[in-house]
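Throughout, numbering of the chain's residues begins at 1 and tracks the sequence.
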Amino acid sequence: MQTKTIPAVLSIAGSDSSGGAGIQADIKTIAAHRLFAETAITALTAQNTTGVRAVQEATPEFVAQQIDAVFEDIPPAAVKIGMVSSAAIIETIAERLKYWNAVNIVVDPVMVATSGARLISEDAVEALTERLLPLATVITPNVMEAEALSGMSIESSRDQALVAQALVERFGCAVLVKGGHNVNDANDVLAEPSPGTGDAPEVTWFRHERVVTENTHGTGCTLSSAIACGLAQGRTLPEAIDQAKTYLTGALAAGLDLGHGSGPVDHMWAY
């Protein structure tokens, strides 16, 4: 019997019982990229396409045990981090990733709901910005999250690029500011630290046609996981983002229609 190895990708996030977002979306995305999915679950949620009913957080100690178990046996080639609402869990994740010298860390800083409501507490925001984001290879805020992180307003494509550059200078990692329904639609901007001392962060635009659909549950999770997959496969960051956006566009365009609310995308659209 022939044997083989493939890169592993670790998702650190919450579980979505309806299967469209969180850990479940990440596993499907990683599998669709023919990589090996690993998980550290930060919380259990009871939810479906119409909303979240209940949340049960894991303890920081148990999150640490999950991360250690993964790195001791099958070290991941990339790590994706999704919504983590507790400051204690954020600090634990940061501490364990530093201990294990984790690489290719993609952080989706889920802070603000589509409705505009804040999803994490002030102390969790402080832990996120002070402990976790500086460890990232790239962070992937949407417009509202980028505004919250920067304290700046985004009303144009120029603003979007300027905020991305400002966040690079603050956190020292690459920043992908995702376009919203009012700014550039599906056009995202990447700012990366410049190799030259004192130079402004380098900017790259990714322009994709927006797919008109109400079924967008889990798109942020899916995009960030797909970026992590590209990095695990040895792609450069711009290459990883470009292939991730192509993958997400296909998943949205596949037209999956499940549930009574904002349904999930078709993660396995290519198969």
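Although no hydrogens or angles enter the test, the distance criterion places no donor-acceptor pair under 3.5 Å between the side chain of Gln47 and the main chain of Asp16. Between the side chain of Trp269 and the backbone N or O of Gly255, no donor-acceptor pair lies under 3.5 Å. Judged by distance alone, with hydrogens and angles left aside, the side-chain atoms of Glu91 form no donor-acceptor pair with the main-chain N or O of Arg131 at under 3.5 Å. Under the 3.5 Å distance criterion, the side-chain polar atoms of Glu130 are left unmatched by any main-chain donor or acceptor of Ala127. Looking at Asn142, its side chain does come within 3.5 Å of a backbone N or O of Met144 through a donor-acceptor pair. Distance alone, capped at 3.5 Å, places no donor-acceptor pair between the Thr39 side chain and the Ser11 backbone. Under the 3.5 Å distance criterion, the side-chain polar atoms of Lys98 are left unmatched by any main-chain donor or acceptor of Leu135. Side-chain N or O atoms of Ser262 include none that pairs as donor or acceptor with a backbone N or O of Asn215 at under 3.5 Å. Looking at Glu57, its side chain never comes within 3.5 Å of a backbone N or O of Ile89 through a donor-acceptor pair. No donor-acceptor distance shorter than 3.5 angstrom exists from the side chain of Asp266 to the backbone of Ala251, with no hydrogens or angles considered.
With values rounded to the nearest 0.5 angstrom, Met83 atom CE is found 8.5 Å from Thr42 atom OG1. Separating the CD atom in Glu155 from the CD atom in Gln160 is a distance of 12.5 Å, to the nearest 0.5 Å. Within the model, atoms NZ of Lys178 and CG of Leu248 stand 9.0 Å from one another, a figure rounded to the nearest 0.5 Å. His217 contributes atom NE2, which lies 7.5 Å from atom OG1 of Thr49 (distance to the nearest 0.5 angstrom). Taking NZ of Lys28 as the start and OG of Ser225 as the end, the distance is 12.0 Å to the nearest 0.5 Å. Atoms NZ and CD1, on Lys80 and Ile23 in that order, are 8.0 Å from each other to the nearest 0.5 Å.
In plain terms, the two heavy atoms of Trp100 and Glu72 that are nearest each other are CH2-CG, 3.5 Å. Closest non-hydrogen pair, Phe206 versus Pro238, comes out as CE2-O, 3.4 Å. Minimum heavy-atom separation, Val55 to Ala43: CG1-CB, 4.2 Å. In terms of heavy atoms, Pro264 sits closest to Leu258 at CD-O, 4.0 Å. When all heavy atoms of Ala164 and Val177 are compared, the closest pair comes out as CB-CG2, 3.7 Å. What you find for Ala58 and Ile41 is that their closest heavy atoms are CB-O, 3.7 Å.
Cluster membership check: Leu190 does not share its hydrophobic cluster with Val163, using side-chain heavy-atom separations under 4.5 Å among Ile, Leu, Val, Met, Phe, Trp and Tyr. Hydrophobic clustering (side-chain heavy atoms under 4.5 Å, transitive across Ile, Leu, Val, Met, Phe, Trp, Tyr) keeps Ile74 apart from Leu10. Val103 and Val79 fall into different hydrophobic clusters, defined by Ile, Leu, Val, Met, Phe, Trp and Tyr side-chain heavy atoms under 4.5 Å apart, directly or through other members. Two different hydrophobic clusters hold Leu176 and Val143 under the rule that ILVMFWY side chains link at heavy-atom gaps under 4.5 Å. The hydrophobic clustering, which links ILVMFWY residues whose side-chain heavy atoms are closer than 4.5 Å, places Val211 and Leu223 together.
Contact check for Leu133 versus Leu128: side-chain heavy atoms found under the 4.5 Å cut-off. For the pair Gln165 and Val203, the minimum side-chain heavy-atom distance is below 4.5 Å. When side chains are defined from C-beta on, Ile67 does not count as touching Glu95, because their heavy atoms never get closer than 4.5 Å. Between Asp68 and Arg96, some side-chain heavy-atom pair lies under the 4.5 Å cut-off. At least one side-chain heavy atom of Thr140 sits less than 4.5 Å from a side-chain heavy atom of Pro109. Under the 4.5 Å side-chain criterion, counting only non-hydrogen atoms from C-beta, Asp188 is not in contact with Ile241.
Think of Leu35 as one node in a network of Ile, Leu, Val, Met, Phe, Trp and Tyr side chains linked at under 4.5 Å; its network also takes in Val9, Ile30.
Among Ile81, Ile105, Ile139, Val84, the one residue that satisfies the side chain to side chain contact (heavy atoms under 4.5 Å, CB included) test with Leu132 is Ile81.
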Going by atom type alone, with no hydrogens or angles, which donor-acceptor pairs under 3.5 Å involve a side-chain atom of residues 227-235 and a protein atom two or more places apart or on another chain?
residue, atom, partner, partner atom, Å
Gln233, OE1, Arg235, NH1, 2.4
Gln233, NE2, His33, O, 3.3

Return a table of donor-acceptor pairs under 3.5 angstrom between the side chains of residues 167-175 and protein atoms on other chains or two or more places apart.
residue, atom, partner, partner atom, Å
Arg170, NH1, Leu149, O, 2.7

Original post:
Hey, mind stepping through Met152 and Asp159 against side chain to side chain contact (heavy atoms under 4.5 Å, CB included) and telling me if it holds?
Top reply: CA-CA 8 Å; Met152 301 165 64; Asp159 293 341; over 6 Å; no
**OP:** Test Glu209 against Thr249 for side chain to side chain contact (heavy atoms under 4.5 Å, CB included), laying out the working first.
**Re:** CA-CA 8 Å; Glu209 183 178 352; Thr249 298; over 6 Å; no
